[in-house]
Asker: 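This structure is in structure tokens; I'll ask about it shortly.
Note that ligands are numbered from 1 as they come in the structure, with each ligand's atoms numbered from 1 the same way.
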Amino acid sequence: MPLELSIRQLVIRLVIFFAISAIVGLWIGQLYFVLLASAVSLLAYQYYFRVKLIQWIWNSKAISPPHAEGTWGRIFDGLDKNIKNYRTKQKSLTKRIGYYRDGAEALPDAAIVLGHDLTIQWSNKKAGRLLGIQWPGDSGQRIDNLLRAPEFSDYVIAANYSEPCVLVSPVNADMQLEIRFMDYGKDQVLLLARDISRIHRLEEMRRDFVANVSHELKTPLTVVRGYVEMVQSTEHALDPHWQQAFNVIESQVSRMDRLVEQLLILSRIEAATEDDMLPINMPEMIANLITDANWLNQDKNHNITVTCLQTLGIVGIDSEIKSACSNLISNAIAYTPANGEISITWQKKGNKAIFSVKDNGPGIRPEDINRLTERFYRVDKSRSRNTGGSGLGLAIVKHVLQHHGAELIINSKWQQGSEFSIIFEESKVISS
Ligand code: ADP
């Protein structure tokens, strides 16, 4: 019912009320008395409903306002209508929140909503099973006070959430968790934790499998190579036909040998720990690498120049760094056409140390650059095979650098040349 109550109507009603009172007053000869009695009764009527309204607001448990007639009836009806609207909206909002909560509960991951100060605002049940976080019991607590693993503290301090953090579940030591932070709502962070124990176990199995197979292949390869060399070095020269066959066998056995050796290096790097890091005399290592490079360069005859800062060293694993740097140098020698220009530099830039190898070889297409460090990825398989490449060299470099918190930057222009740079962070640099 539309509320047709205007000031004009109110005034008209009052005028009619007092006019009738005046007529009655005049009729019984008590004008002032009747007018006064009418005014008092009108006031009492207003007070009565005001008191009813106040009592209903403050004391009553009833959801609907009390019944009333006239103007007050309209006021109460209006209030009743607003309350019903509000309750319908509230019900639909509660229902919607319920849907979202159910959705968050159905997630296979633990989900925790954190405030900007990393205090817990809400979490699903899975958070209890994976991280031991209970809601609402832990509500308002800082997440880093409850998850005390050093990896997690470092992750929170570094505040670089582009990569996930991997840690052992505080609830179950056999469970590996991958934790991600992402911006959520206004000034909030959503923490998602996923159980990656299965992936972790598979990864371990893969590592062990590759390491074991590589190791087992070494002995038969050595035996075959020994026999091939023995046959080739017999006093009686082999028939040219057989000689060619043995040459092919020898070169293929050497290739397999290199492949197995690189797989073993990769396995070793994956198994190594931070504890093995020691100061490395980089200028001395680079000098040795140059000696090897000159030997490799005999056929190609590149012009190799070296710029080396003699006072600059790093902390790391000697064999790994040597392997990474030597891979970059041997690639430059192998992929640059004969008589090319190769420059090797070891220098400081700001607080970082940079090892780089630049060549004027064939370069790499932009679409291939991001995939170069994948295992067995070769841009041009036939060309790579000719150079004896296995596609594992840059995968080794990547793993070594990950291990040392270093970065590989590849700058390359198709058909103009490439520059591979290893950037060591300040924490690993030693300057004397
Ligand atoms: P490989 O053992 O085949 O050399 P790498 O992982 O070392 O494997 O290199 C992967 C691919 O990257 C190579 O197949 C080659 O195509 C390309 N590549 C590496 N270094 C260079 C370079 N200096 N110039 C051009 N291409 C290169």
Asker: Which atoms of ligand 1 are found less than 4.0 Å from any heavy atom of Ile364?
Answerer: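 Checking each atom against Ile364, I get 25 (C), 26 (N), 27 (C).
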Asker: Using a 3.5 Å cut-off and no angle test, enumerate the donor-acceptor pairs between side-chain atoms of residues 126-139 and protein atoms at least two apart in sequence or in another chain.
Answerer:
unit_1 : atom_1 : unit_2 : atom_2 : d
Lys126 : NZ     : Pro108 : O      : 3.1
Trp135 : NE1    : Gln121 : O      : 3.2
Asp138 : OD2    : Gln134 : N      : 2.8

Asker: I'd like to know whether CD of Gln244 has more than 12 heavy-atom contacts from other residues, nucleotides or ligands below 6.0 angstrom.
Answerer: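 No, because the 6.0 Å sphere around CD of Gln244 holds 12 heavy atoms or fewer from other groups.
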Asker: Can you name the atoms of ligand 1, numbered from 1 with element, that are less than 4.0 Å from a heavy atom of Tyr377?
Answerer: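 Contacts of ligand 1 toward Tyr377, numbered from 1: 10 (C), 11 (C).
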Asker: Check whether any heavy atom of Gly361 sits under 4.0 Å from an atom of ligand 1.
Answerer: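 So Gly361 does not count as touching ligand 1.
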Asker: State whether a side-chain donor-acceptor pair under 3.5 Å links Glu216 with Asn212.
Answerer: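 Not at all, the side chains of Glu216 and Asn212 share no donor-acceptor pair under 3.5 Å.
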Asker: Any sub-3.5 Å donor-acceptor pair from Glu105's side-chain atoms to Lys125's backbone N or O?
Answerer: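 Here the side-chain-to-backbone pair exists.
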Asker: At a 4.0 Å threshold, what atoms of ligand 1 neighbour a non-hydrogen atom of Leu372?
Answerer: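 Reading through ligand 1 atom by atom, the close ones are 11 (C), 12 (O).
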Asker: Mind checking whether Asp359 contacts ligand 1 via backbone (N, CA, C, O), side chain (CB onward), both or neither, at a 4.0 Å heavy-atom cut-off?
Answerer: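 Side chain only.
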Asker: Counting from 1, what ligand 1 atoms have a heavy atom of Phe420 closer than 4.0 Å?
Answerer: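 Listed by number with element: 20 (N), 21 (C), 22 (C), 23 (N).
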Asker: If only side-chain N and O atoms count, and only distance matters, is there a donor-acceptor pair under 3.5 Å linking Asp183 with Tyr161?
Answerer: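 Side-chain D/A pair, Tyr161 to Asp183: absent.
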Asker: Please, which pairs that meet salt bridge (Lys or Arg N to Asp or Glu O under 4.0 Å) have at least one residue in residues 146-158, sequence neighbours excluded?
Answerer: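 Listed once each, the pairs would be none.
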Asker: Report, in ascending order of atom number, the atoms of ligand 1 lying under 4.0 Å from any heavy atom of Ser418.
Answerer: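 That gives atoms 24 (N) of ligand 1.
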Asker: With atom 20 (N) of ligand 1 as the reference point, say which of Leu394, Asn331, Val397, Thr336 has the nearest heavy atom.
Answerer: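 Among Leu394, Asn331, Val397, Thr336, the closest heavy atom to atom 20 (N) of ligand 1 belongs to Asn331.
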